[in-house]
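Residue numbers start from 1 in every chain, and the chains themselves are labelled A, B, ... in the order their sequence lines are given, proteins ahead of strands.
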Number of protein chains: 2
Amino acid sequence: MSQRQITFPQRECADCPIRHRAVCARCESDELEQLEAIKYYRNYEAGQTIVWAGDKMDFVASVVHGVATLSQTMEDGRRQMVGLLLPSDFLGRPNRDRVAYDVTATTDLQLCCFRRLPFQELLGSTPHVSQRLLEMTLDELDAAREWMLLLGRKTAREKIASFLSIIARRDAAQSQPAKGHGVAFDLPLTREAMADYLGLTLETVSRQMTALKNDGVIKLDGKRRIIVPDFAALMDETGDDADGGVLS
Amino acid sequence: MSQRQITFPQRECADCPIRHRAVCARCESDELEQLEAIKYYRNYEAGQTIVWAGDKMDFVASVVHGVATLSQTMEDGRRQMVGLLLPSDFLGRPNRDRVAYDVTATTDLQLCCFRRLPFQELLGSTPHVSQRLLEMTLDELDAAREWMLLLGRKTAREKIASFLSIIARRDAAQSQPAKGHGVAFDLPLTREAMADYLGLTLETVSRQMTALKNDGVIKLDGKRRIIVPDFAALMDETGDDADGGVLS
DNA sequence: GTTTGACCTTGATCTGGATCAAGCGAGCCC
DNA sequence: GGGCTCGCTTGATCCAGATCAAGGTCAAAC
């Protein structure tokens with residue numbers, strides 16, 4: 001599936017916010033020093049809310065490990081997740097001091113934070129960092145648009161299958177070099193959080209998980225561990241085209 | 001109709017792709033010359049498809065006037081709109097030569113195009129342009145996330161009301177400085193395109209439009225012209241909080 | 001080892017929006 | 001003028017997923 005993952009020399013932006021997805025090979029050492037000076041780590045535990053919509057946020061960050069979500073809530077309590085941040089994803093918006101969404105850690109989480117104001121200055125002075133950030137934001141926009149198709153047009157079963165395949169893919173990229181066709185992973189979200197992701201209720205999520213299990217598409221080991229015996233069979237349930245879409 | 005619009009000296013990026021939303025006061029004249037050299041206009045008529053998903057696209061562009069949509073289609077024909085481009089919006093992705101979505105003109109449309117490769121070079125050499133593009137992309141991401149809430153959690157009536165208020169707002173920003181409380185505008189989309197935007201069927205769109213009309217929230221003048229006697233009453237139907245959210 | 005509470009599953013029922021099916025009005029071509 | 005097509009409305013029916021309501025499981029707390 002995906003590739004053997006590039007290994008990279010330690011001198012290259014080990015903690016640069018643009019490090020995780022692709023090695024930033026262009027950072028000069030003085031830029032690294034600047035980043036180093038404004039960098040600090042923060043840890044959160046599962047379930048903890050990092051910031052609430054409307055709060056001030058004086059940092060931007062890169063997810064080191066764990067999972068965080070962005071979500072919006074309506075007055076009457078209806079809730080929709082609008083972002084899922086896995087390791088290497090970026091959190092926060094330069095030039096904006098308030099967040100528009102609740103940010104929650106759904107597993108134990110470590111962030112690599114950068115003080116926002118100096119980070120913004122850095123953006124101004126090092127074009128390749130802002131270009132990399134643009135690239136990442138455009139990727140996120142593409143992901144958001146696929147998510148829209150899911151929310152607007154997919155059936156409950158397709159939504160679940162799509163979600164599982166997204167997690168499987170991201171997880172495989174992190175941990176193992178995606179062997180033949182089977183994969184296994186832990187769900188980083190409760191059934192309720194999955195429902196918030198997918199625009200469903202938690203009961204429907206539970207029922208469709210059971211249905212996929214009964215149909216042999218997935219196996220469950222406990223509530224959270226998922227085994228996918230045949231990844232292609234899962235993909236068939238997503239409703240997506242066979243060819244995975246457009247790449248750069 | 002138009003325009004109260006900020007007037008700006010001709011030297012300031014009259015055709016810079018970042019012109020429309022906010023005047024780019026920082027362009028130097030040599031940058032303007034560079035932009036000028038790679039710029040050309042293209043016109044499309046209502047209904048025309050500009051590019052299909054997977055096609056090559058060798059330009060990026062700014063919408064001058066008219067409306068374009070981005071949409072995704074599943075194998076079985078289910079279709080979801082994932083982007084709505086109004087005047088001043090940006091189309092295309094630097095560093096990617098294929099488009100991921102069908103791009104369609106839904107009204108007569110004029111684009112101000114820039115050849116992609118030289119535009120990319122310009123991005124590398126003029127940081128403030130890439131920063132402005134990052135800013136615009138982040139705005140689009142915010143809009144996409146609000147759209148997700150709409151698709152995942154809102155009722156049909158709330159979806160219609162939200163859509164109308166979005167168009168009304170964008171239209172008002174263009175043409176008139178939003179007087180007291182009433183507004184009027186033309187829908188730039190057919191009922192079917194609205195359905196694709198909102199994750200509904202065209203029949204449901206039609207019924208909910210009729211319902212809003214019967215409830216006095218809107219008036220119809222023909223099929224396309226909408227009169228909103230009391231904008232606040234329309235907003236009450238959207239399901240959104242009263243305070244319009246977070247701004248920079 | 002019992003209680004508690006967070007998560008999850010399952011069942012019964014309801015309903016908002018999809019689907020299927022006419023029909024209408026206005027512009028356009030012959 | 002007549003027929004056509006396109007965009008839209010309206011009606012009747014259906015069904016996927018929501019809602020309401022129990023239970024079950026398991027680990028931590030007492």
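- Of all the heavy atoms in A:A156 and A:L200, the pair that sits closest is CB-CD2, 4.1 Å.
- Two residues are said to be in side-chain contact when any heavy atoms from C-beta on lie closer than 4.5 Å; B:L70 and B:M81 fail this criterion.
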Polar atom pairs (N or O), protein with nucleotides 10-13 of chain C, under 3.5 Å:
| unit_1 | atom_1 | unit_2 | atom_2 | d |
| --- | --- | --- | --- | --- |
| C:dT10 | OP2 | A:T210 | OG1 | 3.0 |
| C:dG11 | N7 | A:R207 | NH1 | 2.8 |
| C:dG11 | O6 | A:R207 | NH2 | 3.1 |
| C:dA12 | N6 | A:R207 | NH2 | 3.3 |

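- Between B:E140 and A:R145 there is a salt bridge, with a side-chain nitrogen of the basic residue lying less than 4.0 Å from a carboxylate oxygen of the acidic one.
- Judged purely by atom type and a 3.5 angstrom limit, A:W147 has no side-chain atom pairing as donor or acceptor with the backbone of B:A144.
- A straight line from CD1 of B:I160 to P of D:dT9 spans 10 Å, rounded to a whole angstrom.
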Please tabulate the protein-to-nucleotide N/O contacts below 3.5 Å involving nucleotides 23-27 of chain D, giving atom names and distances.
none

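- Residue contacts for A:G199: at a heavy-atom cut-off of 4.0 Å it reaches the sugar-phosphate backbone alone, with no base atom in range.
- If you check the side chains of A:S162 and A:S165, you find no donor sitting under 3.5 Å from an acceptor.
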Side-chain donor/acceptor pairs under 3.5 Å, residues 46-60 of chain B, sequence neighbours excluded:
| unit_1 | atom_1 | unit_2 | atom_2 | d |
| --- | --- | --- | --- | --- |
| B:Q48 | OE1 | B:E45 | N | 2.8 |
| B:D55 | OD2 | B:W52 | N | 3.1 |
| B:K56 | NZ | B:D97 | OD2 | 3.4 |

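- Contact annotation: B:T201 reaches the phosphate of C:dA18 (side-chain N/O to OP1 or OP2, under 4.0 Å).
- When distances are taken from the side chain of A:Q208 to each of D:dG17, C:dG17, D:dT9, the shortest belongs to D:dG17.
- Counting to the nearest Å, the P atom of D:dT19 and the CD atom of A:E192 are 13 Å from each other.
- The interatomic distance linking B:M209 (CE) with D:dC8 (C1') rounds to 10 Å, in whole Å.
- At distances below 3.5 Å, not a single donor-acceptor pair connects side-chain atoms of A:Q110 with backbone N or O atoms of A:G66.
- Taking atom CZ of B:R225 as the reference point, atom C1' of D:dC8 lies 19 Å away to the nearest angstrom.
- Nearest approach of A:G239 to A:E158, heavy atoms of both residues: CA-OE2, 3.9 Å.
- Rounded to an integer number of Å, the gap from CG of B:L189 to C1' of D:dG7 is 13 Å.
- Sorted by first and then second residue, the pairs that involve residues 189-204 of chain B and meet salt bridge (Lys or Arg N to Asp or Glu O under 4.0 Å), not counting sequence neighbours, are A:R153-B:D196.
- Formation of a donor-acceptor pair under 3.5 Å by the B:T73 side chain with backbone atoms of B:R78 is not found in this model.
- Scanning all heavy atoms of the two residues, the minimum distance from B:A68 to B:L109 falls at CB-CD2, 3.9 Å.
- Regarding A:K154, its NZ atom lies at a distance of 19 Å from the P atom of D:dA16, rounded to whole Å.
- Between the two ends of the helix from C:dG1-D:dC30 to C:dC30-D:dG1, each summarised by a five-pair axis, the helix axis turns through 30° (rounded to 10 degrees).
- For residues 215-229 of chain A, the side-chain hydrogen bond (donor to acceptor under 3.5 Å, both in side chains) pairs, not counting sequence neighbours, are A:R157-A:D215, A:D186-A:R225.
- Between the CZ atom of A:R153 and the P atom of D:dG17 there is a distance of 14 Å, given to the nearest Å.
- C:dA26 atom C1' lies 16 Å from atom CG of B:L220, rounded to whole Å.
- Phosphate proximity of C:dC8 to A:R224: present, with a side-chain N or O under 4.0 Å from OP1 or OP2.
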